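Here is the structure we will look at, set down as structure tokens.
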Number of protein chains: 2
Amino acid sequence: MKILEHLERKNIDFISSEDLAKNCGVNSAQLRKDLSFVGTLGTKGVGYSVKSLKFNLKNFLGRAQEWNLILGGISPLGIFLLQNKSLQKEGFYFLAAFDTKEENIGKVYNGVSVYNLDQLSYVLNAIKVDIGVITTETDPEIFLKAFVEQGVRAIFNLSNVPLFAENPEVKIENFSFSMALTKLSYFLKE
Amino acid sequence: MKILEHLERKNIDFISSEDLAKNCGVNSAQLRKDLSFVGTLGTKGVGYSVKSLKFNLKNFLGRAQEWNLILGGISPLGIFLLQNKSLQKEGFYFLAAFDTKEENIGKVYNGVSVYNLDQLSYVLNAIKVDIGVITTETDPEIFLKAFVEQGVRAIFNLSNVPLFAENPEVKIENFSFSMALTKLSYFLKE
DNA sequence: AAGTGTGAACTTTTTCACAGCT
DNA sequence: AGCTGTGAAAAAGTTCACACTT
């Protein structure tokens, strides 16, 4: 996606799987097979149109539309995400934030109000939410449970404790900085 | 790791691969095979000692020691990382930050000074650096190139453009919030 | 009895290689 | 001539199932 935009900026209109694969750090057959899963996107003897590939990929990945998010947990990372405008540019909008600590309730970050987690079902009556983002430092399970109970089917978990969904209807994406850095520390250690 | 600490807090001393696998959302045979790669850690008929497993895993993953980081790019995310104390608790220490914009040079965030990228080799004379963290919003390649040239072998790339190392001696870990959220948007789109 | 460690079977992913379109 | 789309082959990863240890 970002690579295609990069190519677009360089005014490259068409690209072969070979060249694109090099940009992505993968094998060209791999890339062709993956793209063929999206649809018949290339032209034999020519390659892929950067513009149309971007369009098709965007649709396929669900990035042609906008998505509504809620935040669980007013941590430094949570506040960072609310204040950061770049996710909005990508089509991801925070509509509300929730916390359990009384001192945080009622605060407003970049136009997003913080509600008590108790109010979740009440607030979700008024808005349609696609993704719940959990950034609390303690007890992420509380937010997971509450979000899933209220019908949120996609969870982005940025707390330090990895979460796993028993319900296959719910998709959880886990990420933590220390986990990512651990992969590098393992590499450095040989 | 975090799961083991969680168990420790619950005063669980020994755990079977079956139970631990449930906590990790994986198959128990998988878990046993993975752990056997680390060493002979379990006791037949009993299971794994949580404490000793944590110790062995920490060593294996290179997390028994501390690591020195440098930051490339004074973006909101970069400033967040410098100010956030939780990575220090995990043994990851930022020693210096680099930027190309004159207005940022000389600033200090949480005790970490911002230098001009030109000064990289000079600064690295004085300190040993393990991991370069790139958080710039534009031209992450500039930082990648400079870091790798100065012998940094592990790169954590948080810019929006994924990076790939041609040199197999260098390990790059890519992450972006929009990429992670895209996985969820794809899931929601079916 | 309980539960590890691990070969063997199975499944998935990746790569090769080439027929066929432009 | 150049490059895609895709079967077939190879490699990698996962699960089963059980001998063996405490």
Side-chain angles (χ1 to χ4, degrees), chain A residues 1 3-4 7-8 10-57 59-61 162 164-166 168 171-174 179 182-183 186-187, chain B residues 1 3-4 7-8 10-57 59-61 162 164-166 168 171-174 179 182-183 186-187:
Chain A
M1 207 65 243
I3 291 161
L4 290 174
L7 291 170
E8 232 176 9
K10 280 191 192 163
N11 290 317
I12 294 167
D13 288 344
F14 283 84
I15 190 160
S16 70
S17 61
E18 195 76 45
D19 291 353
L20 185 52
K22 224 168 269 162
N23 277 280
C24 303
V26 297
N27 173 294
S28 68
Q30 179 75 272
L31 186 81
R32 287 202 299 284
K33 199 154 257 182
D34 289 357
L35 291 180
S36 77
F37 185 65
V38 179
T40 302
L41 304 176
T43 310
K44 296 183 182 190
V46 179
Y48 298 88
S49 149
V50 172
K51 211 176 156 194
S52 108
L53 186 54
K54 202 184 101 186
F55 175 82
N56 282 289
L57 229 41
N59 271 284
F60 183 75
L61 296 171
F164 306 94
E166 45 259 41
K171 168 97 171 163
I172 299 181
E173 188 66 31
N174 290 297
M179 187 76 78
T182 297
K183 290 188 200 171
Y186 174 68
F187 169 80
Chain B
M1 208 62 242
I3 291 164
L4 290 173
L7 290 169
E8 232 176 6
K10 282 192 190 163
N11 290 315
I12 294 167
D13 288 345
F14 283 84
I15 189 161
S16 70
S17 61
E18 194 77 43
D19 291 352
L20 185 52
K22 225 168 270 164
N23 277 280
C24 302
V26 298
N27 174 293
S28 68
Q30 179 74 271
L31 186 80
R32 288 202 299 281
K33 198 155 259 181
D34 288 357
L35 291 180
S36 77
F37 185 65
V38 179
T40 301
L41 304 176
T43 311
K44 296 183 182 189
V46 179
Y48 298 88
S49 149
V50 172
K51 212 176 154 191
S52 107
L53 186 54
K54 201 184 101 185
F55 175 82
N56 281 290
L57 228 40
N59 270 284
F60 183 75
L61 296 171
F164 305 94
E166 44 257 42
K171 166 97 172 164
I172 299 181
E173 187 67 31
N174 290 298
M179 187 76 79
T182 297
K183 290 188 199 173
Y186 174 67
F187 169 81

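The structure displayed is predicted, hence computed values, not measured ones. Reminder, nothing fancy here: chain letters follow the sequence lines and each chain counts from 1.
- Taking a 4.0 Å limit (strictly below) on heavy-atom distances, residues 34-49 of chain A reaches DNA chain D at A:S36, A:T40, A:L41, A:G42, A:T43, A:K44, A:G45, A:V46, A:G47, A:Y48.
- The CZ atom of A:F14 sits 13.5 Å away from atom CG of A:L20, with the distance rounded to the nearest 0.5 Å.
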So which protein N/O to nucleotides 7-11 of chain D N/O distances come out below 3.5 Å?
{"from": "D:dG7", "atom 1": "O6", "to": "A:K33", "atom 2": "NZ", "distance (Å)": "3.1"}
{"from": "D:dA8", "atom 1": "N6", "to": "A:K33", "atom 2": "NZ", "distance (Å)": "3.2"}

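- For the atom pair B:L31 CG and B:N27 CG, the distance stands at 9.0 Å (nearest 0.5 Å).
- In this structure, B:I15 CD1 and B:K10 NZ are separated by 8.5 Å, a value rounded to the nearest 0.5 Å.
- Side-chain contact between B:L7 and B:L4: present, with at least one pair of heavy atoms (C-beta onward) separated by less than 4.5 Å.
- Contacts between chain B and DNA chain C, taken as any atom within less than 4.0 angstrom of a protein heavy atom, begin and end at C:dA2 to C:dA8.
- With sequence neighbours excluded, the residues forming a ring pair (Phe, Tyr, Trp, His ring centres under 6.0 Å) with B:Y186 are A:F60, listed by chain and number.
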Hey, can you pull the donor-acceptor pairs under 3.5 Å for the side chains in residues 34-48 of chain B, sequence neighbours left out?
{"from": "B:S36", "atom 1": "OG", "to": "B:K33", "atom 2": "O", "distance (Å)": "2.8"}

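- Within the structure, side-chain hydrogen bond (donor to acceptor under 3.5 Å, both in side chains) contacts touching residues 13-23 of chain B (residues at least two apart or in different chains) are B:S17-B:R32.
- When the salt bridge (Lys or Arg N to Asp or Glu O under 4.0 Å) test is applied to A:K54, the partners found at least two apart in sequence or on another chain are A:E8.
- Note that CG of B:L57 is 6.0 Å distant from CE of B:M1, once rounded to the nearest 0.5 Å.
- Taking B:N174 as the reference, B:N157, B:P162, B:L163, B:F164, B:I172 meet the side-chain contact (heavy atoms from CB on, under 4.5 Å) condition, with sequence neighbours excluded.
- One distance of note links NZ of A:K183 with CZ of A:F187; it measures 14.0 Å at 0.5 Å rounding.
- DNA chain C lies under 4.0 Å from at least one heavy atom of each of the following residues of residues 18-31 of chain A: A:N27, A:A29, A:Q30.
- Between the CG atom of A:L61 and the CG atom of A:N56 there is a distance of 10.5 Å, given to the nearest 0.5 Å.
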